[in-house]
Amino acid sequence: MPGSRFALRHVISVCGLFMALLLHTPAGSQDLEPMLLVPAIAGSLYRDSDGDGLPDVWERQGYTENGVFVDLPTMGADPQHKDLFVWMDYMVRPDSVSLAPSQTVIDRIKAVFANAPVQNPDGTTGINIHPVLGSQVTYVETLGEAGDYTKVWLQFDSLKNDFFNPAYAKAFRYMIWANSYNQGTSSGLARDIPAVNFLVTLGEWGAPGGTDWEKQGTFIHELGHCLGLTHGGTDHDNYKPNYLSIMSYFFQTSGLYIDGHWGDAGYPLHFDYQRMNTPSLDENHLNESLGMTGAADLSHYGSLYYYFDSTWKEAFAANAAGQIDWNKNGVIEADVAADINASGGRSVLSAQNNWPNINYDADGQIGPNSAAAVTKARRKAIPDELRHELDNETNERLKRLRQELTPPPSGADSLPAGDATTR
């Protein structure tokens, strides 16, 4: 029958197409895994066993893009263990100060991510981050001009086009250790939340280029935005005392206060994203006797908060699980109202356990279809919440605050009890 012959030819044609896929890989497309069953083809083309946005076949064999072979396995990729790749270019100032990170900073960044409480198919925890130090780029004193964020990214893209091989863009986030942007002292800038581009800009800080601790903290903070994290965890509200994350300006350059020590006192692993659940704090009804109890054990952590006494002032709670005098009136009360993050109003402050909420592929900007996703993302304006990152003046004030408010540790394993008294 003619209809039967047509159906048979159709089946043969389809089978031939699948055989072609099985037996032939077009040039520049070494991304296909061997496919054994026709129904599984769609799911197996770019299988990502560890969920890091990079297909297993790339992590085992690398990939070729526009004739350039990107050898991810030689760079450390593992399909059974989460990987993050970041290409880092840098500027050198006219006074010969390199803005590049030291190997110490790079090693500390690796240690923080290796210590991440995330599970992998290989049965271990942690993320392997690969910060690759690339090229010295053309020095620009300030990217953009005051208030013009569009020009910042136009100049950034110009440098990226000149110095970064686009073949790597499918797998790598890209950043520049630059001097400044918008003629200010903002510490850094991410292109969006999430994103694949960011800056660290500490050139005009007290130590030009920043101290190693400031570099470590700012890199992890801005990368955090690229990984989908915000200043407030569940939202963009900054300075939440229950948000124990380097994403808060309270902790960006000092790290967290754990077991009586700030990170910049020699504890690089304290430069951490929040790794536990903390209780929400209703600023209209704060129980000072409970402090921040009610979720995970926070007795090892201290935190900072605001209170109003003719002006906004910071205070320090050395034991987040102990009593906290939120309104600083000298009395521990069961029900007080206080704007403890100086937002200008009172609300319920909720935080976020950051590590389970990492966005590994930046909404598709990392991976096989990254080109289309990046093009779409670039049409968006930079979020208002990223337009005023931590600046040098604020950082210096917070640094003095921590020195004034933090009691000297009484021992490596001991904690000061309760709320600290300001001096």
Got a second to check how far Phe198's CZ is from Ile176's CD1, nearest 0.5 Å? 10.5 Å

Would you name the heavy atoms of Trp205 and Leu390 that are closest together and state the gap between them? CZ2-O, 3.8 Å

How far apart are the C-alpha atoms of Arg191 and Asp157, what are their side-chain angles, what is the distance that settles it, and do they pass the salt bridge (charged side-chain N to carboxylate O under 4.0 Å, His left out) test? CA-CA 11 Å; Arg191 195 162 199 159; Asp157 286 339; 2.8 Å; yes

Classify the angle between the aromatic ring planes of Trp213 and Phe271 as parallel (below 30°), tilted (30 to 60°) or perpendicular (above 60°). parallel

Has Asn369 got more than 12 heavy atoms of other residues, nucleotides or ligands less than 6.0 Å from its CG? no

Can you label the angle between the Tyr168 ring and the Phe172 ring as parallel, tilted or perpendicular, going by 30° and 60°? perpendicular

Does the separation of the ring centres of Tyr174 and Phe156 fall below 6.0 angstrom? yes

Would a 4.5 Å heavy-atom cut-off, applied to side chains only, mark Lys151 and Glu145 as touching? yes

Hey, could you give me the CG/CG distance between Leu386 and Asp192, rounded to the nearest 0.5 Å? 7.0 Å

Test side chain to side chain donor-acceptor pair (under 3.5 Å) on Gln216 and His221 and set out the steps. CA-CA 9 Å; Gln216 177 187 347; His221 177 100; over 6 Å; no

Which atom of Ala167 lies closest to which atom of Val68, heavy atoms considered: CB-CB, 3.6 Å

In this structure, CD1 of Ile358 is separated from CZ of Phe113 (nearest 0.5 Å) by 6.5 Å

Answer yes if the side chains of Asn359 and Asp363 hold a donor-acceptor pair under 3.5 Å, and no otherwise. yes

Ring of Tyr149, cation from Arg387 - is the NZ or CZ under 6.0 Å from the centre and inside 45° of the axis? yes

Are Leu133 and Tyr90 side-chain neighbours, meaning at least one heavy-atom pair lies under 4.5 Å? yes

Check the pair Tyr257 / Tyr301 against ring pair (Phe, Tyr, Trp, His ring centres under 6.0 Å), numbers first and verdict last. CA-CA 6 Å; Tyr257 185 83; Tyr301 288 81; 9.4 Å; no

Picking from Phe251, Phe250, Tyr305, what satisfies ring-ring contact (aromatic ring centres under 6.0 Å, His included) with Tyr239? Phe250

Donor-acceptor contact below 3.5 Å, side chain Asn238 vs main chain Ser248: no

Considering non-hydrogen atoms only, spot the tightest contact between Pro131 and Lys110 and give its length. CD-CE, 3.6 Å

For the residue pair Trp312 and Tyr306, categorise the inter-ring angle as parallel (less than 30°), tilted (30 to 60°) or perpendicular (more than 60°). perpendicular

Donor-acceptor under 3.5 Å (Glu283 side chain, Val348 main chain): no

Considering only NZ, NE, NH1 and NH2 on the basic side and carboxylate oxygens on the acidic side, decide whether Asp272 and Arg275 come within less than 4.0 Å. yes

Is the backbone of Gly345 close enough, under 3.5 Å, to the side chain of Ser343 for a donor and an acceptor to pair up by distance? yes

Counting heavy atoms not belonging to Glu141, are there more than 12 under 6.0 Å from its CD? no

Candidate pair Glu204 and Asn179, rule side chain to side chain donor-acceptor pair (under 3.5 Å), full reasoning: CA-CA 7 Å; Glu204 302 298 329; Asn179 191 65; 2.7 Å; yes

Taking atom CD as the centre, does Glu396 end up with more than 12 heavy-atom neighbours from other residues, nucleotides or ligands that are less than 6.0 angstrom away? yes

Sub-3.5 Å donor-acceptor pair from the side chain of Thr218 to the main-chain atoms of Lys215, do we have one? no

Step by step, would you call Ile366 with Arg173 a side-chain contact (heavy atoms from CB on, under 4.5 Å)? CA-CA 8 Å; Ile366 295 291; Arg173 289 160 179 84; 4.0 Å; yes

Test item: side-chain donor near acceptor, Thr142 and Ser180, under 3.5 Å: yes

For the residue pair His231 / Gln252, report whether a side-chain donor-acceptor contact shorter than 3.5 Å exists. no

Yes or no on side chain to side chain donor-acceptor pair (under 3.5 Å) for Asn395 and Thr253, after CA distance, side-chain angles and deciding distance? CA-CA 8 Å; Asn395 181 65; Thr253 61; 2.5 Å; yes

Salt bridge Glu214-Lys399, side-chain N to carboxylate O under 4.0 Å: yes

Distance check, rounded to the nearest 0.5 Å: Met276 atom CE versus Thr278 atom OG1? 7.5 Å

Backbone N or O of Asn354 within a donor-acceptor pair of the Gln274 side chain at under 3.5 Å? no

Checking Trp153 against Asn197: is there a side-chain donor and acceptor pair closer than 3.5 Å? no

Salt-bridge present (Lys82, Asp48; N to O < 4.0 Å): no

Side chains of Asp107 and Thr104: any donor to acceptor distance under 3.5 Å? no

Main chain of Ile127, side chain of Asn120: is a donor-acceptor contact present, judged purely on distance under 3.5 Å? no

Would you call the rings of His261 and Tyr267 parallel, tilted or perpendicular, taking 30° and 60° as the class edges? parallel

Under the 3.5 angstrom rule, does the side chain of Thr201 hit a backbone N or O of Ser186 as a donor-acceptor pair? yes

Minimum heavy-atom distance Pro194-Leu227, with the two atoms named: CB-C, 4.5 Å

Return yes if some donor-acceptor pair links the side-chain N/O of Thr375 with the main-chain N/O of Ala371 below 3.5 Å, else return no. yes

Determine whether the side chains of His81 and Asp50 contain a donor N or O and an acceptor N or O closer than 3.5 Å. no

Ring pair (Phe, Tyr, Trp, His ring centres under 6.0 Å) evaluation trace for Trp326 with Tyr307: CA-CA 7 Å; Trp326 292 118; Tyr307 69 100; over 10 Å; no

Tell me, do Ser280 and Leu349 make a side-chain contact under 4.5 Å, heavy atoms counted? no

Does the pair Thr230 and Glu385 meet the rule for a side-chain contact (heavy atoms from CB on, under 4.5 Å), with working shown? CA-CA 9 Å; Thr230 65; Glu385 295 79 13; over 6 Å; no

For the side chain of Asp89 and the backbone of Ser135, is there at least one donor-acceptor N/O pair under 3.5 Å apart? yes

What's the separation between atom CE in Met75 and atom CD in Glu59, rounded to the nearest 0.5 Å? 12.5 Å

Donor-acceptor pair, distance only, cut-off 3.5 Å: does the side chain of Asp212 make one with the backbone of Val105? no

Please determine whether salt bridge (charged side-chain N to carboxylate O under 4.0 Å, His left out) holds for the pair Lys328 and Asp309, giving the CA-CA distance in whole Å, both sets of side-chain angles, and the decisive distance to 0.1 Å. CA-CA 9 Å; Lys328 297 300 290 182; Asp309 180 15; over 6 Å; no

Stepwise side chain to side chain donor-acceptor pair (under 3.5 Å) test for Asp56 and Ser49: CA-CA 7 Å; Asp56 292 358; Ser49 298; 2.5 Å; yes

Indicate whether the side chain of Asn353 and that of Trp355 have a donor and an acceptor atom separated by less than 3.5 Å. no

With rounding to the nearest 0.5 Å, note down the distance linking CE in Met247 to CG in Leu244. 14.0 Å

